[in-house]
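Working notes, structure below.
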Amino acid sequence: RRWLDSNGARAAQSIHDEVRERLGELAREVAASYGIEVCETTMSGHPVDEIIRVARKRAADLLVIGTLGAGFLRNRLVGSTAERVVKKSS
């Protein structure tokens, strides 16, 4: 139903809110389970540039970036976001 919004803004905001809520839940679970500080962030923009920008802004010691497991061939042809973050941030 949220996809039927004529300008898409309400749908995009709804999805962003859902992602932010779930990410917050996961961050709290990880922090409680491992006794570590976890900072979760949601943002819009080019993923590699935004990840690097926020990491630098927060002086992050560690980034955890998930992958989709797209496979060897796809990663060789297109590359993964995690791989591009490592290359660009070095």
Should V30 and V64 be regarded as members of a common hydrophobic cluster, given that ILVMFWY residues are connected when their side-chain heavy atoms come within less than 4.5 Å of each other, either directly or indirectly?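 As far as the 4.5 Å side-chain criterion goes, V64 and V30 are not connected within one cluster.
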
Might you point out which heavy atoms bring I65 and A82 nearest each other, and give the distance in Å?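 Scanning both residues completely, I find the closest heavy atoms to be CG2-CB, 3.9 Å.
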
Shortest non-hydrogen separation from I51 to M43 and the atoms involved: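 It is N-SD, 4.3 Å.
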
Option passing side-chain contact (heavy atoms from CB on, under 4.5 Å) with I52 (candidates R84, H46, K88):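 Running side-chain contact (heavy atoms from CB on, under 4.5 Å) over R84, H46, K88 with I52 returns exactly one hit, K88.
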
State whether E50 and R53 are salt-bridged, where the test is any N-O pair (Lys NZ or Arg NE/NH1/NH2 against Asp/Glu carboxylate O) under 4.0 Å.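 Salt bridge present between E50 and R53.
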
Report yes if some heavy atom in the side chain of E40 is under 4.5 Å from a heavy atom in the side chain of L26; otherwise report no.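 When only atoms from C-beta onward are counted, L26 and E40 do not touch, as no gap falls below 4.5 Å.
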
About how many Å separate OG1 of T42 and CD of E18, when rounded to the nearest 0.5 Å?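 Rounded to the nearest 0.5 Å, the CD-OG1 separation comes out at 12.5 Å.
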
Distance (rounded to the nearest 0.5 Å) between C39 SG and L63 CG: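 If I round to the nearest 0.5 Å, the distance is 11.0 Å.
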
Worked check of salt bridge (charged side-chain N to carboxylate O under 4.0 Å, His left out) between E25 and R28: CA-CA 5 Å; E25 291 170 6; R28 287 187 293 278; 5.2 Å; no

